[in-house]
Amino acid sequence: MTEEKSLNFIEEIIEKDLAEGTTGGRVQTRFPPEPNGYLHIGHAKSICLNFGLAKKYNGQCNLRFDDTNPSTEETEYVESIKEDVKWLGFQWANELYASNYFDQLYAFATQLIQKGLAYVDDSTSEEIAATKGSTFEPGKNSPYRDRNVDENLRLFEEMKDGKYKDGEKVLRAKVDMAHPNLLLRDPVIYRIKHAHHHRTGDKWCIYPMYDFAHGQSDSIEKITHSICTLEFIHHRPLYDWFIEQLEIYPSHQYEFARLNMTYTVMSKRKLLQLVNEGQVTGWNDPRMPTISGMRRRGYTADAIRQFCETIGVAKRENMIDVGLLEFCVRESLNKSANRVMAVLDPVKLVLTNYPEGQTEELELDNNPEDPNGGTRIVPFSREMWIEREDFMENPAKKFFRLGPGLMVRLKGAYIIKCDDFKKDENGNITEIHCSYLPESKSGNDTSGINVKGTIHWVSVPHAKVAEVRLYDRLFKVEDPSSEEGDFKEYINPNSVEVLSTVYIEPALANTKPGDRFQFLRKGYFATDLDSTSEKLVFNKTVGLKDTWAKEAKKG
RNA sequence: AGUUCCAUGGUGUAAUGGUAGCACAACUGAUUUUGGUUCAGUUAGUCUUGGUUCGAAUCCAGGUGGAACUACCA
C-alpha cells in the first residue's frame, strides 16, 4: 500500500493552478539570496522548497542573486552560495542577477513617471521618515509630490547621470500617503549610491530598492510561484501594484514561515556579528548554523534535506528543536559512516597474561548496517588505550564495564577480567591490569561466557595521535534572540573543547578532510579542513544516543 | 492603537464537514560483541465562547493569545 503524502499549502496552490491552467501548466520558481552573507539552515529550507517544488512539478528553479545594494554585497558571498546550493544537491536552471535587469528596471521607473505614478523627492531621509505617519496616523504628502512629468523625467535622468550626491534625491512611487499599509505610503524605489557594484562596476550610481526589483525580476523571468518568508507578506500589495501598473507578467508571491531552531540564531546580521567579532572562527565554524559550517562539522547533505522534509512548510511561527536535526544526521550517518575506534580520554590497560611483543591482526566490520561495507585490519597487543570512563573503582549498579573483578569484551577481540589497577598520589587511575581469556576470541569464542559490556580500545604501540574538537550548542538558552539584552550575552562559553591527545587506530592515518566516521560508542566525527597527514584533526558531528548517561544521571 | 497573518500532544506537522494521525522528544520492554542500530508498546493534543449542521479541528461571529509592519536593508 502506498500511503499518500499530504500536500503542504504551497503544493495545494500549485496543484490548483496546474488543474485550472492559470500558469499555462508551468511551474517556475527561484531561490533569491542576497549575496551579503553565507547561507544557513534556514536558507536550506527555502532551497529545498523552491528547488524541490520545481522538480516535483517538472518545472525549473532559477538561482537569482538579489544584488541591488552594492554596499553590502560581495563576490565571495556569491561563490559560497553557489557552492552550498550545489552541495545540497540542487542544480539551478539559470544563474541570474537582479543587476542583469538594471536597464530594464530603469525603463520601468521611467514608465511609472510617465504615468504620473512616481516622482523625484528632494526630502532627506529623516524628512521622509517623519512624514511617513504611523500605524494610527496617516502620512503627509511630500512638497515635491506634484512635480510634473517632464521635471521628474529630467531629474531622474540627472540622478542616473551622477549629478547629485548620495541621499540628495530619491525616486518615490506615488501611491497613497494615508494607506493603512505603511509600505504603500509612497515607497522609495530608487536611491543614489555612488558605490562600486560587484557586477556592474561603476556603471550605475542609482540602485532600485528591493520592492522595485524583486517582483519585476520575478516577472521578467516569468516566475509562476514566488515563494518567500512571512515578513514579506506586507510587501505583497506593493509587489502586485507594480506588476499591475507596469502591465507585465503577473508573478504571484506566497509566504511561508521561516525556520527557527533552538540554541542558535538565524539572522545573517547576527551571524555576521559573530564572525566579525571573533566569537567564532569564521562563517564555516563548525558551531555555526551555516551550510558551510555544518558541512565542515560533518553533516551530510542528505541529512539536511531529510530535515527540511520533516519540518514541513506552513504559515505559523515555529521553533524547531535542534534535536530533530541531530536525529536526521544520526539517521543518515548510521547508514553511511564506517565504524572505527578512537579513545578520547585514554587510560592504559595491560593484559598481564598476553605475551609481550605479540601482535595479532583482527578483522573488523566497517559498518554492521551495510552488508557491503567491507572489513579492515585492527592490530591487537598487550597494551591498550581504553576510555577512562569505562572503568569505575567502585562500580555503580548496572555499570556493565570495567571495575575490580568485572569482565567485559574488547570489541572484536577477547573477553577480559580486571584483576588490579594503579593510582597516583592524587587518586587518579594510571593503569588497569586485566587478564584475557584466550578461548574467547571474537568469531570463535568457546569460553561459554556472556558479558554484558563491550568496550572500544586502541593498541598502544600501533596508535596514532589526533586532535579532536568537541562541540556543544553555541548558545546557553533556547532562543537567544528573545532574551533580554544583547544576544551575545547568551553565548555558551564552553561551545568547543579541544582534545589534543586522542588515540586512534592506524586505519585512520590516511583520512582526508570531509571523511566521516563513527567513533565506536562515542559519536560521529568528520575529518576537519585543518587536518594534515602530520596532524590529524577531527570534528565531532554529533554524539550517539547515550542511554547510560541518562541512567547515570538519574543516580 | 491601525493593518495583515497565525492558533491541533513538550516540539513540529497532517486530517480540506464524517474514527484526531505521523515524526521527534519522553517513558516501558525485547534483541544486540557499539548502553548504538532495530523491534514492540505507553504517556500526551484541537486557545475560548456562541452559532450553522444529523455531525465542526475544519464553516460563521465575538473574545483571548502570539507574530509581523512604521530602513534611501533584503
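Order of the sequence lines sets the chain letters (A, B, ...), proteins ahead of strands, with each chain counted from 1.
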Could you tell me the separation between the CG atom of A/L402 and the C1' atom of B/G35, rounded to a whole number of Å?
15 Å
Could you list all N or O pairs between the protein and nucleotides 36-40 of chain B that sit under 3.5 Å apart?
from	atom 1	to	atom 2	distance (Å)
B/G36	OP1	A/T547	OG1	3.0
B/G36	N2	A/E369	OE2	2.8
B/U37	O2'	A/N334	ND2	3.2
B/U37	O2'	A/E369	OE1	3.2
B/U37	O2'	A/E369	OE2	3.3

Across all strands shown, which nucleotide pairs with B/U33 by Watson-Crick or G-U wobble geometry, both distances under 3.5 Å?
none
Take atom CD of A/E255 and atom P of B/A68, then tell me their distance rounded to the nearest Å.
16 Å
Would you please confirm or rule out a distance under 4.0 Å between OP1 or OP2 of B/C27 and any side-chain N or O of A/K550?
yes
Just jot down the salt bridge (charged side-chain N to carboxylate O under 4.0 Å, His left out) partners of A/D345, sequence neighbours excluded, or say none.
A/R388
Measure the acute angle between the ring planes of A/F525 and A/F519, then classify it against the limits of 30° and 60° as parallel, tilted or perpendicular.
parallel
Under the salt bridge (Lys or Arg N to Asp or Glu O under 4.0 Å) definition, can you give me all pairs with a residue in residues 305-326 of chain A, not counting sequence neighbours?
A/K5-A/E309, A/E326-A/R473
Specify the residues of residues 123-131 of chain A, ordered by number, for which at least one heavy atom lies under 4.0 angstrom from an atom of RNA chain B.
A/S123, A/T124, A/S125
Under a 4.0 Å threshold between the charged nitrogen and the carboxylate oxygen, would A/R258 count as salt-bridged to A/E231?
yes
Between the protein and nucleotides 7-9 of chain B, which nitrogen or oxygen pairs come in under 3.5 angstrom?
from	atom 1	to	atom 2	distance (Å)
B/U8	OP2	A/R316	NH1	2.7
B/U8	O4	A/R316	NH2	3.4

Base of B/G2 and ring of A/F136 stacked, centres under 5.5 Å, planes under 30°:
no
Using a cut-off of 4.0 Å on non-hydrogen atoms, how would the nucleic acid contact of A/L520 be classed: base, sugar-phosphate, or nothing?
base
Enumerate the residue pairs fulfilling salt bridge (Lys or Arg N to Asp or Glu O under 4.0 Å) with a member in residues 184-200 of chain A, sequence neighbours excluded, ordered by first and then second residue.
A/R145-A/D186
In whole Å, I'd like the distance from the CZ atom of A/R236 to the C1' atom of B/U3.
13 Å
Pairing partner (Watson-Crick or G-U wobble, both distances under 3.5 angstrom) of B/A67:
B/U4
